Amino acid sequence: MSNYYCIWVKTGFENKFVEKIQSIFDSVPEEQNGKLHCIGKQMRLRNGKEYIDPLMPGYVFWETDSLSRIQDIKDEDGFIDFLPGGKELKPLSARDAELVNSFLKFGSVIPIVNVQFDVNDRIVIPQASSASSGVPYSNGFRFIRSRTSLRSS
């Protein structure tokens, strides 16, 4: 399993940063330079227009076993630092890497989740099919929290 490293980049430059560095990595296929990820979320405006925003603005994740191309990353416009900061570059903890993997199981963009409110004012996420999510739902719905608990938090 590869390690993940968190790269702090200038907000708004995440996708441009990934495209530029990944093209450098891919230009040398015999080297195992890893893959950069900018996790996005699909958003929908009230007028129906859809767009993609970074889920974590200013952060890019590098999945790799080799740090041979670290200077390419540091030299790229928009690079700020590796996190956590310090003298020694450290991969994400197992818990944080698991979180990144859980987002990446949707691909690089997390799709829109349609929600409804039930009669008790609780948010309900209708499931298209329990097979698609891999989680069985006896009634086809998963309850998250009520509107009142959302207002108080």
Side-chain angles (χ1 to χ4, degrees), residues 1-46 48-115 122-128 130-137 142-147 149-153:
M1 185 173 139
S2 297
N3 288 315
Y4 283 95
Y5 297 88
C6 183
I7 305 169
W8 182 17
V9 299
K10 187 175 177 183
T11 302
F13 283 80
E14 301 89 354
N15 288 319
K16 191 180 298 185
F17 185 90
V18 167
E19 289 171 12
K20 177 76 173 174
I21 295 296
Q22 195 64 56
S23 68
I24 294 170
F25 287 177
D26 294 345
S27 70
V28 191
E30 61 275 3
E31 291 182 19
Q32 298 298 318
N33 296 312
K35 181 156 176 56
L36 291 167
H37 304 280
C38 175
I39 303 169
K41 59 184 176 182
Q42 189 173 6
M43 304 292 288
R44 182 180 301 133
L45 298 174
R46 288 183 186 170
K49 181 181 174 192
E50 293 184 6
Y51 64 97
I52 297 172
D53 255 356
L55 181 65
M56 295 173 255
Y59 300 98
V60 169
F61 298 94
W62 183 23
E63 181 182 7
T64 188
D65 288 323
S66 169
L67 300 176
S68 63
R69 291 291 183 156
I70 194 167
Q71 199 57 48
D72 290 328
I73 291 173
K74 288 181 176 182
D75 291 343
E76 184 56 39
D77 288 339
F79 172 82
I80 297 174
D81 203 356
F82 282 96
L83 298 176
K87 294 180 182 179
E88 188 177 322
L89 181 61
K90 295 180 185 176
L92 294 179
S93 67
R95 182 175 165 217
D96 292 340
E98 186 178 321
L99 179 63
V100 170
N101 267 325
S102 72
F103 286 126
L104 291 174
K105 74 180 178 183
F106 295 103
S108 60
V109 177
I110 299 170
I112 293 173
V113 177
N114 294 313
V115 299
R122 291 181 293 189
I123 296 173
V124 179
I125 301 175
Q127 298 296 316
S130 59
S132 67
S133 65
V135 180
Y137 295 100
R142 182 173 69 185
F143 295 99
I144 299 194
R145 26 186 357 178
S146 69
R147 281 188 193 180
S149 68
L150 288 172
R151 285 188 209 116
S152 62
S153 42

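Residue numbers start at 1 and run along the sequence shown. Treat the numbers as computed from the prediction; the structure is a model and nothing was measured.
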Flag side-chain contact, heavy atom, 4.5 Å: Cys6 against Phe82: no
Check: Trp62 and Phe25 side chains under 4.5 Å, non-hydrogen atoms: yes
Side chain to side chain contact (heavy atoms under 4.5 Å, CB included) between Phe13 and Asp77, worked out: CA-CA 9 Å; Phe13 283 80; Asp77 288 339; 5.8 Å; no
Value rounded to 0.5 Å, distance of CG in Asn15 from CG in Leu36: 11.5 Å
Which atom of Arg69 lies closest to which atom of Val28, heavy atoms considered: NH2-CG2, 3.2 Å
Shortest non-hydrogen separation from Ile39 to Met56 and the atoms involved: CD1-CE, 4.0 Å
Between SG on residue Cys38 and CD on residue Glu19, distance to nearest 0.5 Å: 9.5 Å
Shortest non-hydrogen separation from Lys41 to Val109 and the atoms involved: C-CG1, 4.2 Å
Within 6.0 angstrom of Lys16 NZ, more than 12 heavy atoms from elsewhere: no
Min side-chain heavy-atom separation Phe17-Ile73 under 4.5 Å: yes
Derivation and outcome, side chain to side chain contact (heavy atoms under 4.5 Å, CB included), residues Leu67 and Tyr5: CA-CA 10 Å; Leu67 300 176; Tyr5 297 88; 3.7 Å; yes
Heavy-atom side-chain proximity of Thr64 to Ser2 below 4.5 angstrom: no
Side-chain heavy atoms of Ile21 within contact of Ile7, under 4.5 Å: no
Gln32 atom CD: more than 12 heavy-atom contacts under 6.0 Å: no
From CG (Asn33) to CD1 (Ile70), nearest 0.5 Å: 12.0 Å
Minimal non-hydrogen separation, Thr11 against Pro57, with atom names: CG2-CB, 4.0 Å
Stepwise side chain to side chain contact (heavy atoms under 4.5 Å, CB included) test for His37 and Val100: CA-CA 9 Å; His37 304 280; Val100 170; 5.6 Å; no
Side-chain heavy atoms of Glu31 within contact of Ser66, under 4.5 Å: no
Separation of Ile110 CD1 from Leu104 CG (nearest 0.5 Å): 8.5 Å
Nearest-0.5 Å distance that lies between atom CE in Met43 and atom CD in Glu50: 10.5 Å
Spacing of CD1 belonging to Ile80 relative to CH2 belonging to Trp8, to within rounding of 0.5 Å: 5.0 Å
Backbone N/O of Gly58 and side chain of Glu14: donor-acceptor pair under 3.5 Å: yes
Minimum heavy-atom distance Ala97-Leu92, with the two atoms named: N-CB, 4.1 Å
Heavy-atom closest contact (Phe79 atom, Asp81 atom, distance): CZ-CA, 3.4 Å
